[in-house]
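Let me begin by presenting the structure, written as structure tokens, before commenting on it.
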There are 2 protein chains.
Amino acid sequence: MRNSRDDGPAALVRLVATGQAESRAELARLSGLAASSVSLRVEQLIEAGLFAEGGAGVSRGGRRPRRLRLARAAGVFLVADLGARHARLAVVDLAGTPLALSDLACDISVGPEPTLTAVVDGLRRLAGEHGLADVPVRGVGVGLPGPVDPATGQVVSPSRMPGWNDFPVREFTAGHAGTPALVENDANLMAVGEHRASWPDLDNVMVIKLGSGIGCGVIVDGRLHRGRGAAGDISHVRIRSEATVDCSCGHPDCLEAHASGAALAASLNAQGIAVETPAQIVDLVTDGVPQATSAVRNAGRLIGDVLTALVNFFNPDALVIGGSLSNAEPLAATIRGAIYERCLPLATRNLRIATSRAGRDASILGAGHLLLDESGEWIDQTLQR
Amino acid sequence: MRNSRDDGPAALVRLVATGQAESRAELARLSGLAASSVSLRVEQLIEAGLFAEGGAGVSRGGRRPRRLRLARAAGVFLVADLGARHARLAVVDLAGTPLALSDLACDISVGPEPTLTAVVDGLRRLAGEHGLADVPVRGVGVGLPGPVDPATGQVVSPSRMPGWNDFPVREFTAGHAGTPALVENDANLMAVGEHRASWPDLDNVMVIKLGSGIGCGVIVDGRLHRGRGAAGDISHVRIRSEATVDCSCGHPDCLEAHASGAALAASLNAQGIAVETPAQIVDLVTDGVPQATSAVRNAGRLIGDVLTALVNFFNPDALVIGGSLSNAEPLAATIRGAIYERCLPLATRNLRIATSRAGRDASILGAGHLLLDESGEWIDQTLQR
DNA sequence: CTCTCTGACTTCGATTTCGAAGGAAGTTGG
DNA sequence: CCAACTTCCTTCGAAATCGAAGTCAGAGAG
């Protein structure tokens, strides 16, 4: 696990927030600083109201450590994970742990300004309802179902977000909330959340999000790989198939056109089985409806074939299958089988394939972690008073 | 461009060696250290014999800088790029610039010990012949046409290196040469060399090596991505094709079985055209032999199709086409066309596709750079006297 | 040629960080 | 209960680093 993106006091805050360190001694070991320097800085962090001392810890054969934790006044992050017709809102502490959760119905197609205004207002209300109005908000995180340019914080050519193209989401959100803002693709957030929560010691992880669409986030060397904003796209790879289906992107036989939740639903509807959401597909599979199982198996084979090439190329330590469709067991099983059958032994030798452990709030978690990673600035400022 | 993998004096040596800094002032700007600290450390580096002052530089409107360069006594690296029947040997300075080059006929299939012994001895002889016997050797780099486990420096399940499986190449080489050793896959070395020499400011770069086989090296966030040693493999991806060809790996229709130089040669031989090496194929194409051109075009289309998925997924800033086959112009043109046609606009928007600029010694260059990156230890030691 | 401006170093006191030593507060084993 | 460790944390002088001011050496303008 890579730590210390930068150093300075923020590194100490990160270590405590993520639970890696609970005492001055652990901070010294993990940060590489001298014990005396750690003591000094911790003193300052306590004075600034970011850390608090929380009684004595468990002895490891000597004097008991004086346990450190984040002070309540250290602050919170406001986080929203937007879907097409729905947003998941959360107030999380600096560690990313949700303190309050709620759901908000909101149609993303009404455009960015009303959507983002409603989301930020909803977040503030949520914080107030849980008695957190007096706690400083250190940042806002927004997950979106489309590509985000990391340089500008703008959405770029999203396929299912009419009116959002080139809208400066980060700027607008930061302005409206009055805090720093983080804007990121939802699959990327999920990848970060899954990685930090479940596989913190692995350096290279791929997370695929199977829902209505097909998304993918990539952790390289412990950090999110963004590329120019398009990284992780696997949905428009051309697949080998008998029937030809045209994709919304204009090319024939994209993976998404054959194997996404939306494609599966369309295919089942054509067979006279009424479904709308991925969750309903999962239910059908669980109920043993043969057409559903067969469709899901077929999708798994297609997805597995595509992943084969990517696993050989990227050689990850783990491949995590998440998203609402991932609860359909035959799907994961088929993907797993395709990869083990067709990939190089060298690439699968140390590869773990697992379904999501962090669950549906993985994205929330990931946003918290990314916001913490970018917290160097305000931490430094808070200390200088 | 990412610098300062670590800090300390090694960072300054790197900046001077790579030509990024030529004066104390530039070192201060690029390293982030205070000017006074830089002056102090430079003093020590000069005393230790690593740096030398080389007259006055060009004024930028004020006092002229006192130009810094690597001292001759700073040392050299010995580097070898091994192919199946041939090794390219070089003595390079710390900047990676070749001071002496030679070719050595050696059959890799006689096994690791005799091969590596001959290579290291050849390197020492080469240094001696060029009057470099008195200059300290700071490291040995070896490029191999097979997967290398970065953790152990062992070759792992190579397909064309009988007798090398699990052999501790790094350990043996370091022992025989009496210096630190670096062992790396040849395509990876080529990727590093190409990146540092031609595209130092781009963070994410893919380099494919088209020769008898098909290799690929990946630079992520300015650093070589190794994965567990298999990263960058693109040769065993299944392709869509009419005829079925079985690959040596046991699966049908791998890219390598259809589009590698060896596959092209076999196909041309079957048509009654005698060729052996990739260079001869390039000659045929240049001469306008229609069967050769057609075969190369077909290979380009297949390779392009595979790269399409990887470019969408990885979203690199540049894709570099290298290796001896890359001189066949229709090949690169076809690959380029396939990618621009089929990739997401978002992924190709900022993508540069180019043929190799560093040429056939890119691997040598890359080895030099990687050895320099790992030079922190001996630099620190040299300073402490 | 002189005067001013700019950039390249140096000098030197202030600050930060280190690390060895020591005190505090436990555990373990007789 | 006591002596011998261990671990946690602080103290304090030494060392490294910084940064503001000063010096040096050129360019460019008048």
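Every heavy atom of this structure was used, including side-chain atoms; hydrogens, water molecules and symmetry mates were not. In what follows, every chain begins at residue 1, and chains take the letters A, B, ... in the order their sequences are listed. No experiment lies behind these values; they were computed from the predicted model shown.
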**Prompt:** Taking only residues two or more places apart in sequence or in another chain, which ones pass side chain to side chain donor-acceptor pair (under 3.5 Å) with A:T382?
**Reply:** none

**Message:** I need the full list of salt bridge (Lys or Arg N to Asp or Glu O under 4.0 Å) pairs touching residues 55-72 of chain B, with sequence neighbours left out, sorted by first then second residue.
**Reply:** B:E22-B:R67, B:E53-B:R66, B:R72-B:D134

**Request:** Answer yes or no: is there a donor N or O on one side and an acceptor on the other, between the side chain of A:E184 and the main chain of A:V142, under 3.5 Å?
**Result:** no

**side-chain hydrogen bond (donor to acceptor under 3.5 Å, both in side chains) contacts in which one or both residues fall within residues 25-37 of chain A, not counting sequence neighbours** = none

**Message:** Considering every strand and a 4.0 Å limit on heavy-atom distances, what is the contact class for B:R29: base, sugar-phosphate, or nothing?
**Reply:** sugar-phosphate

**Request:** With sequence neighbours excluded, tell me which residues meet side-chain contact (heavy atoms from CB on, under 4.5 Å) with B:T97.
**Result:** B:D93, B:A95

Side chains of residues 40-47 of chain A: which donor-acceptor partners sit under 3.5 Å, not counting sequence neighbours?
none

**Request:** Identify, residue by residue, the members of residues 42-51 of chain B with a heavy atom below 4.0 Å from DNA chain D, and return them in order of residue number, or none.
**Result:** none

**Counterpart residues, side chain to side chain donor-acceptor pair (under 3.5 Å), relative to B:H369 (two or more places apart)** = B:R196

**Which residues share a side-chain contact (heavy atoms from CB on, under 4.5 Å) with A:D317, sequence neighbours left out** = A:L202, A:D203, A:N204, B:R228

**Message:** According to side-chain contact (heavy atoms from CB on, under 4.5 Å), who are the partners of A:I364, at least two apart in sequence or on a separate chain?
**Reply:** A:V79, A:D81, A:R88, A:A90, A:V92, A:D361

**Asked** Which nucleotide span of DNA chain C, 5' end to 3' end, has atoms closer than 4.0 Å to non-hydrogen atoms of chain A?
**Response** C:dT17 to C:dT27

**Prompt:** What pairs meet the side-chain hydrogen bond (donor to acceptor under 3.5 Å, both in side chains) rule with one or both residues in residues 169-179 of chain B, with sequence neighbours excluded?
**Reply:** B:D121-B:H176

**Heavy-atom protein contacts under 4.0 Å, nucleotides 15-27 of chain D, coded B base, S sugar-phosphate only, - none** = --SBB----BBBS

